[in-house]
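These notes are about the structure you will find just below.
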2 protein chains.
Amino acid sequence: MQSKSDISRAKILDAAALTFRQKGYAATTLAEIADAAQMKAGSLYYYFESKEQLLEEVLDMGMHRVHEAVAESQNRLPTGTSHEIRIKAAVEAHLTMLLKHGDYTSANIRIFGQVPEDVRRRHLRLRNAYAALWRGLLIRAQKAGTLRTDVDLALIRMLLMGALNWSVEWYKPGKKSIRAMADHICLMLFHGIGHEEPVQSPEDAAVS
Amino acid sequence: MQSKSDISRAKILDAAALTFRQKGYAATTLAEIADAAQMKAGSLYYYFESKEQLLEEVLDMGMHRVHEAVAESQNRLPTGTSHEIRIKAAVEAHLTMLLKHGDYTSANIRIFGQVPEDVRRRHLRLRNAYAALWRGLLIRAQKAGTLRTDVDLALIRMLLMGALNWSVEWYKPGKKSIRAMADHICLMLFHGIGHEEPVQSPEDAAVS
DNA sequence: GTCTATATTCAGATAGAC
DNA sequence: GTCTATCTGAATATAGAC
């Protein structure tokens, strides 16, 4: 059961995430956030001590949500699921949070690089935890023989995150489904898009 | 021959690119830019009408430089060079401009998403021209049979740009050479990092 | 050309009415 | 809880000295 207070607080956070994502942190004014939340600027201080605290909460929620979504995508899969399927599920969960449900996550991705130093430092804990989730996913796949042993997994992880995260800069909903994007990314990741060698189909790989 | 005026102007632009890249556009003050250029804030107005005009010039130079570097990387290659080698050269040129010589280009990449609407609109011309360069590169490779015909090249291009551009967020010089990064990216792009099928070595592919 | 000084505008934050 | 009114500091931009 949500009190009026909880509802207003949530509306402010939603408005802040939306506006931060669109205009960046520094360029966003409290009046704009208040506008989007159908309030006046002064009223925000009933809920938040400062603009910076509002920022911190948006950042943390964005990272928390994508972390949870990806973890959940793994827990849904039966034990014994192939690593290729697991990674594809993680990719799809990350993209979905970023592009579909995710003003918080996309705000986090877009503005993190330009946030005050102390805020960034405090937020790193959550970022590192999320990175560890992916690191584990890739290492397990490599150990199981799904991934080549001669690749730098840390680099691959950063490249993959880049390919995914950059989509906030260009993705327009409706043009391409998120599922199709995830498929394409995993095709490239696992098999490459060069056509020299005949490529084993994903189905065959999954049951092998 | 550079007049004193030219030198000061260049110093201001350098300082602006550096500071915009580090802190973002809105969060950067003219006093900080002036500081980095060893001047006082008021003096900037001898050279630039406004902060926004300074921004536009930094953005344009950043895009111009990376465009030129990638075009040049292609012109250096003899006709008949394989498309795999061509694309790798383009990747390396893009990364080099972004990570090594490129406060202007990296500033462009980092802040473009959070720049005032009118500035963004005016800048799109240059962005589109650069995108066309890559589009051509990939389409020619596909037509020549170097790339699979069943992939969405527009999507691949965005994923690739994402993997490259995101490196401004994490790359620390000295840890990994840019050449090695380009190699790894092209390995993933062309052959994938799954290890089901034996992968043809890049050398073989180049002369085939 | 660059400085200092300052006008002006505006955003973050606070106080108190309702 | 939310508003209006206001304080305060800071940042863009200008003016004029040197």
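Chain A is the first sequence line, chain B the second, and so forth, proteins listed ahead of strands; every chain is numbered from 1. The model shown is predicted, which means the values in this text are computed figures rather than measured ones.
The residue among B:Ser5 and B:Ala41 whose nearest nucleotide of DNA chain C is located toward the 5' end is B:Ser5.
A salt bridge is defined here as a Lys NZ or Arg NE, NH1 or NH2 lying under 4.0 Å from an Asp or Glu carboxylate O, and A:Asp183 with A:Arg179 fails to meet this definition. The pair A:Asp35-A:Lys40 does not meet the salt-bridge criterion, since no charged nitrogen lies less than 4.0 angstrom from a carboxylate oxygen. Using a 4.0 Å cut-off between a side-chain N of Lys or Arg and a carboxylate O of Asp or Glu, B:Arg65 and B:Glu68 do not qualify as a salt bridge.
Centroid-to-centroid, the aromatic rings of B:His94 and B:Tyr130 come within less than 6.0 Å.
Rounded to whole angstrom, the span from the CD1 atom of B:Ile12 across to the P atom of D:dT12 amounts to 14 Å. Atoms CD1 (B:Ile33) and P (D:dA11) sit 12 Å apart, rounded to a whole Å. Between A:Lys51 atom NZ and D:dA10 atom P the separation is 15 Å, expressed in whole Å. Here the P atom of nucleotide D:dA15 and the OH atom of B:Tyr46 are 16 Å apart, to the nearest Å. For the pair B:Tyr47 OH and D:dT12 C1', the computed distance is 19 Å after rounding to whole Å.
At a cut-off of 3.5 Å, with distance as the only test, a side-chain donor of A:Arg127 or A:Asn108 sits close to an acceptor on the other residue. Checking B:His123 against B:Asp60 by side-chain atom types alone, a donor-acceptor pair falls below 3.5 Å.
Residue B:Thr28 is in sugar-phosphate contact alone, with no base atom involved, counting any heavy-atom pair closer than 4.0 Å across all strands shown. Across all strands shown, B:Lys40 has heavy atoms under 4.0 Å from base atoms, whether or not it also approaches the sugar-phosphate. The residue B:Thr29 sits close only to the backbone: its heavy atoms come under 4.0 Å of sugar-phosphate atoms, none of a base.
Protein chain B contacts DNA chain C over a range whose 5' and 3' limits, counting nucleotides with an atom under 4.0 angstrom from a non-hydrogen atom, are C:dG1 to C:dT4.
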